[in-house]
Engineer: 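I have a structure I would like to understand better, so I am pasting it below and will then ask my questions one at a time.
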2 protein chains.
Amino acid sequence: MAATAPPPGSPAWWAARPAPAPAGERRRGRPSLDTAHIVDTALRLVDEHGTQAFSLRLLAEALNSGTATLYRHFEGKDEILAYVVDRVLGEAVLDDLAERGDWREVLTVTAHRFHDALRAHPHTLPLLIAQVPVGPHGLAQRERVLSALLAHGLPVDLAARAFTAVTHYVIGFTAQQYGPAAAPDDDPRLTAFYGGLDPAAYPALLQAARTLTSVPVDEEFAFGLGLLVHGLGHLHP
Amino acid sequence: MAATAPPPGSPAWWAARPAPAPAGERRRGRPSLDTAHIVDTALRLVDEHGTQAFSLRLLAEALNSGTATLYRHFEGKDEILAYVVDRVLGEAVLDDLAERGDWREVLTVTAHRFHDALRAHPHTLPLLIAQVPVGPHGLAQRERVLSALLAHGLPVDLAARAFTAVTHYVIGFTAQQYGPAAAPDDDPRLTAFYGGLDPAAYPALLQAARTLTSVPVDEEFAFGLGLLVHGLGHLHP
DNA sequence: ACCTGAACACCGTTCAAGT
DNA sequence: ACCTGAACACCGTTCAAGT
């Protein structure tokens, strides 16, 4: 009867959490450590040291506690990381969307804000990918954006699909551009890498690389986003 | 002088590899294990057990060898996983792109093939996100697609940005839809999850969820892709 | 009742000892 | 010269012993 336990971060897993909406404290009365403080500290450590170097021992030490104590607040490392990802999504929530001029503006502003939030925490991107963003903050973001799109007259099916297309684009773009392995734009090693390729073997790629490296990344982000918004405008003026 | 070592999978790291183009064997003469066989086995294990459960001890056992032996072929776990990701990208390479009717078809076919390749190996998605796909197969894919787009008359700057926008969309979409934490479309727990949300707190989200769950995922993928291609057509007829 | 040191079974990586 | 068992310093997680 009891199927395999759902992986932390999946919808089924979040559904089993105490309360989807508020943060507050959880689990066994009023423990000595605040859960929000644990998540904040975990995010700071992931930002500073990366996912690889993040460990419960490191987290416990930063909290002046022991690893065993963490298990009184969370089920384990995966649960902590699921809350870290949701915390990052919380930074993408905008509450003035309804005041925007039209649905195009809502979508564009949402994408840029989401982009900024993810960019601020590049080491969390591989974690975000492994999860469906349906934690409390993820749901809040989705509700606000969809609500604003509907308020501006976009049909519900278009609004839903537009949200999916835009957020997926933002995640993919940010991950590739600012992910853990990405090089800075002006990294001489990147230039050296392309310069070291055989022009006979990669003619189109090298031609494109010359064009791309001269274009600011923000413009490239806006370009793809513009394609999506523009294409959508063709379906609903 | 010597900066910190570049992370495996980054452009700088790939640049330091022996040869960007061919596969073949590498490192210290002719070792007892074929590197391609190691990578194939590693991919199989990641597919079967997930990134989390994959370990060098598991890999060594599957190869009837010891973990120390693996270090005679690769620098470590990260390097093996970088090659695993590039191997998956190899499954997305198409070689009949030049025969397509126009650049729209090239882009659409590329996206679907990429989507299929990633979907076949969902556990590699978090790894792909952590990397810039500039291994041998990644470069081959990029070169072929760009070359076909140029051959069909797309200006080089549009071709480059279109490739980026489409691949990033595919990665983001596939990760969210088929990633390790994603639930199957028809998972009753997903329905239960949305059904358990407070309709007063999430009116727009629930309205959208009803629409979305009745739409096949493939159609949703095609929808976003269509937006990108259509938007691009507005810039270059 | 609540907390946690110390142990458990792992992990990636190294290296001296084998052949 | 090449290979690898066994060790090293970790890791996430558990639980009996402390307060």
Engineer: Would you please indicate if the ring centroids of A:Phe221 and A:His115 are separated by under 6.0 Å?
Structural biologist: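 Centroid distance A:Phe221-A:His115: below 6.0 Å, so yes.
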Engineer: Once you apply the 3.5 Å cut-off to both distances, tell me the Watson-Crick or G-U wobble partner of D:dA6, or none.
Structural biologist: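 Because both required distances fall under 3.5 Å, D:dA6 counts as paired with C:dT14.
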Engineer: In whole angstrom, give the distance that lies between atom CD of B:Glu61 and atom C1' of D:dG5.
Structural biologist: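 Rounding to the nearest Å, CD of B:Glu61 and C1' of D:dG5 are 15 Å apart.
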Engineer: Give a yes/no on whether any side-chain N or O of A:Thr69 is located under 4.0 angstrom from OP1 or OP2 of C:dT4.
Structural biologist: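 Indeed, a polar side-chain atom of A:Thr69 lies that close.
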Engineer: Between A:Glu48 and A:Arg44, does at least one N-O distance fall below 4.0 Å, as a salt bridge requires?
Structural biologist: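 A salt bridge links A:Glu48 with A:Arg44.
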Engineer: Output the rounded distance in Å from CG (A:Leu45) to P (D:dC11).
Structural biologist: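 So the CG-P distance, A:Leu45 to D:dC11, works out to 12 Å.
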Engineer: Any salt bridge between A:Asp116 and A:Arg119, counting N to O under 4.0 Å?
Structural biologist: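 Counted as a salt bridge, because a side-chain N and a carboxylate O are separated by less than 4.0 Å.
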Engineer: Taking atom C1' of D:dC11 as reference, at what distance in whole Å does atom CD of B:Gln52 sit?
Structural biologist: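 The distance from CD of B:Gln52 to C1' of D:dC11 comes to 12 Å, rounded to the nearest Å.
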Engineer: Quick one: sort the B:Trp13 and B:Tyr83 rings into parallel, tilted or perpendicular, breaks at 30° and 60°.
Structural biologist: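 Rings of B:Trp13 and B:Tyr83: perpendicular, as their planes differ by over 60°.
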Engineer: Nearest-Å distance, CG (B:Leu70) to P (D:dG5)?
Structural biologist: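 That distance rounds to 12 Å.
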Engineer: Starting from the C-alpha separation in whole Å, work towards a yes-or-no answer on ring-ring contact (aromatic ring centres under 6.0 Å, His included) for A:His123 and A:Phe54.
Structural biologist: CA-CA 10 Å; A:His123 284 113; A:Phe54 173 79; over 10 Å; no
Engineer: Could you check how far CD1 of B:Ile80 sits from C1' of C:dC11, rounded to whole Å?
Structural biologist: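 Atom-to-atom, B:Ile80 to C:dC11, this comes out as 14 Å.
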Engineer: Which base, if any, makes a Watson-Crick or G-U wobble pair with D:dA1, both distances under 3.5 Å?
Structural biologist: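 Base partner found: C:dT19.
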Engineer: Please find the pair of heavy atoms, one from A:Trp14 and one from A:Pro136, that lie closest to each other, and give the distance.
Structural biologist: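 So the minimum-distance heavy-atom pair works out to CZ3-CD, 3.5 Å.
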Engineer: Where do N or O atoms of nucleotides 12-19 of chain D meet protein N or O atoms at under 3.5 Å, pair by pair?
Structural biologist:
residue: D:dG12; atom: OP1; partner: A:Leu56; partner atom: N; Å: 3.4
residue: D:dG12; atom: OP1; partner: A:Lys77; partner atom: NZ; Å: 3.2
residue: D:dG12; atom: OP2; partner: A:Leu56; partner atom: N; Å: 3.0
residue: D:dG12; atom: N7; partner: A:Arg57; partner atom: NH1; Å: 2.7
residue: D:dG12; atom: O6; partner: A:Arg57; partner atom: NH2; Å: 3.0
residue: D:dT13; atom: OP2; partner: A:Tyr71; partner atom: OH; Å: 2.6
residue: D:dT13; atom: OP2; partner: A:Lys77; partner atom: N; Å: 2.9
residue: D:dT13; atom: O5'; partner: A:Tyr71; partner atom: OH; Å: 2.7

